[in-house]
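What follows is one structure encoded as structure tokens, with my remarks underneath.
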Amino acid sequence: QNRVLSKLAFTDIMTKTSNRSAYERYMDDKAGCDVKKANLSFILIDLNDLKKVNDTYGHSAGDQVLIDAARCIKKVLGNVGDVYRIGGDEFAVIITQKPDELDAMKNEFDSSVAGWRGRLVDSMTISYGCVSSLEEDWEHVHDIAKEADRRMYASKARYYSDSGIDRRM
């Protein structure tokens, strides 16, 4: 019973990924580690236009996009890393594989997302930032996560700039 309760405490019920509490626990556990030796890569992912989906098609359509986004993430990245839902439409993936495989994984992930079609929603787009612990002499695991977050927001800004969508709505 304790094991079941522990699993529930660290699982996002909707997406069946690990939740924010599990992510924070992982980050606390790794806070003092040698990040170079840990050979970690962080990918922070954010769905684009989820509010528009919710407003146009309803929250059940938005929920389906979230669930299917998690499936795409887990399908491509779940076998090489841990997947966490860390916010409403934000996910983190922590990969413990060599970064030379990251480009192929990102390409496969991009194809998976681009090929997705929902019942009510034609497509989904995502923005993400990816960082390897081998890129720089990072001091802390939190520094890598912050850089992945910065890159994700830069990707999101490019998406909205390229699409001409006014985000002030």
Side-chain angles (χ1 to χ4, degrees), residues 2-3 5-51 65-67 69-114 124-163 167-168:
N2 284 342
R3 193 174 27 159
L5 290 174
S6 179
K7 182 162 177 63
L8 286 173
F10 294 106
T11 301
D12 179 69
I13 300 303
M14 182 186 301
T15 62
K16 307 296 187 259
T17 62
S18 296
N19 65 14
R20 179 71 183 227
S21 294
Y23 175 77
E24 295 296 338
R25 185 180 190 183
Y26 178 90
M27 294 298 282
D28 289 345
D29 288 348
K30 293 294 183 190
C33 81
D34 182 342
V35 291
K36 279 277 195 208
K37 289 182 182 174
N39 194 26
L40 300 172
S41 295
F42 277 71
I43 303 174
L44 291 183
I45 301 166
D46 191 87
L47 277 65
N48 297 322
D49 301 321
L50 186 62
K51 180 182 180 339
V65 171
L66 276 169
I67 291 165
R71 283 187 187 133
C72 288
I73 295 166
K74 290 187 293 187
K75 177 183 169 195
V76 176
L77 303 169
N79 61 338
V80 294
D82 297 317
V83 179
Y84 304 87
R85 182 177 177 204
I86 59 172
D89 62 349
E90 287 189 33
F91 295 86
V93 182
I94 302 172
I95 298 172
T96 55
Q97 297 246 339
K98 293 192 176 196
D100 56 340
E101 301 168 19
L102 276 178
D103 285 338
M105 286 186 274
K106 289 189 301 186
N107 289 336
E108 185 180 350
F109 178 60
D110 288 341
S111 293
S112 178
V113 169
M124 86 171 104
T125 62
I126 53 96
S127 296
Y128 62 89
C130 183
V131 179
S132 165
S133 64
L134 302 179
E135 288 181 30
E136 291 187 29
D137 285 330
W138 305 103
E139 231 177 284
H140 301 286
V141 71
H142 293 284
D143 297 332
I144 301 168
K146 283 180 190 173
E147 179 61 16
D149 194 51
R150 188 195 68 73
R151 291 180 188 182
M152 185 268 299
Y153 277 106
S155 172
K156 192 169 244 347
R158 281 190 304 277
Y159 166 78
Y160 284 108
S161 173
D162 292 347
S163 66
R167 294 201 62 212
R168 293 174 292 176

Write down the atom of [X], the atom of [Y], and the distance for their closest heavy-atom approach.
X	Y	answer
Ala31	His142	CB-NE2, 4.4 Å
Met27	Ala145	CE-CB, 3.8 Å
Ala70	Phe91	CB-CE2, 3.9 Å

side-chain contact (heavy atoms from CB on, under 4.5 Å) with Ser41: of Val93, Val80, Leu102, only one passes, and it is Leu102
Test Val83 against every option in Thr15, Ile43, Ile73 by the side-chain contact (heavy atoms from CB on, under 4.5 Å) rule and name the one that passes.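 Only one of Thr15, Ile43, Ile73 forms a side-chain contact (heavy atoms from CB on, under 4.5 Å) with Val83, namely Ile73.
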Give the intermediate values and the outcome of salt bridge (charged side-chain N to carboxylate O under 4.0 Å, His left out) for residues Lys146 and Glu139. CA-CA 12 Å; Lys146 283 180 190 173; Glu139 231 177 284; over 6 Å; no
Quick check for you: to the nearest 0.5 Å, what is the distance between Leu50 atom CG and Leu66 atom CG?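 Answer for the CG-CG pair, Leu50 versus Leu66, is 5.0 Å.
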[X] side chain to [Y] main-chain N or O, any donor-acceptor pair under 3.5 Å?
X	Y	result
Arg20	Ile86	yes
Asp28	Arg25	no
Lys156	Tyr128	no
Trp138	Ser132	yes
Ser111	Asn107	yes

After noting the C-alpha distance and the side-chain angles of Tyr26 and Ile94, does the key distance pass the side-chain contact (heavy atoms from CB on, under 4.5 Å) rule? CA-CA 10 Å; Tyr26 178 90; Ile94 302 172; 3.4 Å; yes
Between Thr11 and Asn19, do the side chains contain an N or O donor and an N or O acceptor separated by less than 3.5 Å?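 No, no side-chain donor-acceptor contact under 3.5 Å.
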What residues form a side chain to side chain contact (heavy atoms under 4.5 Å, CB included) with Ser18, not counting sequence neighbours?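 Applying side chain to side chain contact (heavy atoms under 4.5 Å, CB included) to Ser18 gives Ala22, Tyr84.
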Scan residues 74-89 for pairs that pass salt bridge (charged side-chain N to carboxylate O under 4.0 Å, His left out), counting only residues two or more places apart or in two chains.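 For residues 74-89: Asp12-Arg85.
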Steps toward side-chain hydrogen bond (donor to acceptor under 3.5 Å, both in side chains) verdict (Asp46, Ser127): CA-CA 5 Å; Asp46 191 87; Ser127 296; over 6 Å; no
For residues [X] and [Y], determine if any side-chain heavy atom of one lies less than 4.5 Å from a side-chain heavy atom of the other.
X	Y	answer
Glu90	Met152	yes
Thr125	Val113	no
Ile45	Phe109	yes
Ile144	Glu147	no
Tyr153	Leu44	no

Could you give me the CA-CA distance, side-chain angles and deciding distance for Tyr160 and Asp49, then say whether side-chain hydrogen bond (donor to acceptor under 3.5 Å, both in side chains) is met? CA-CA 9 Å; Tyr160 284 108; Asp49 301 321; 3.2 Å; yes
Any residue meeting salt bridge (charged side-chain N to carboxylate O under 4.0 Å, His left out) with Glu136, in chain and number order, not counting sequence neighbours: none
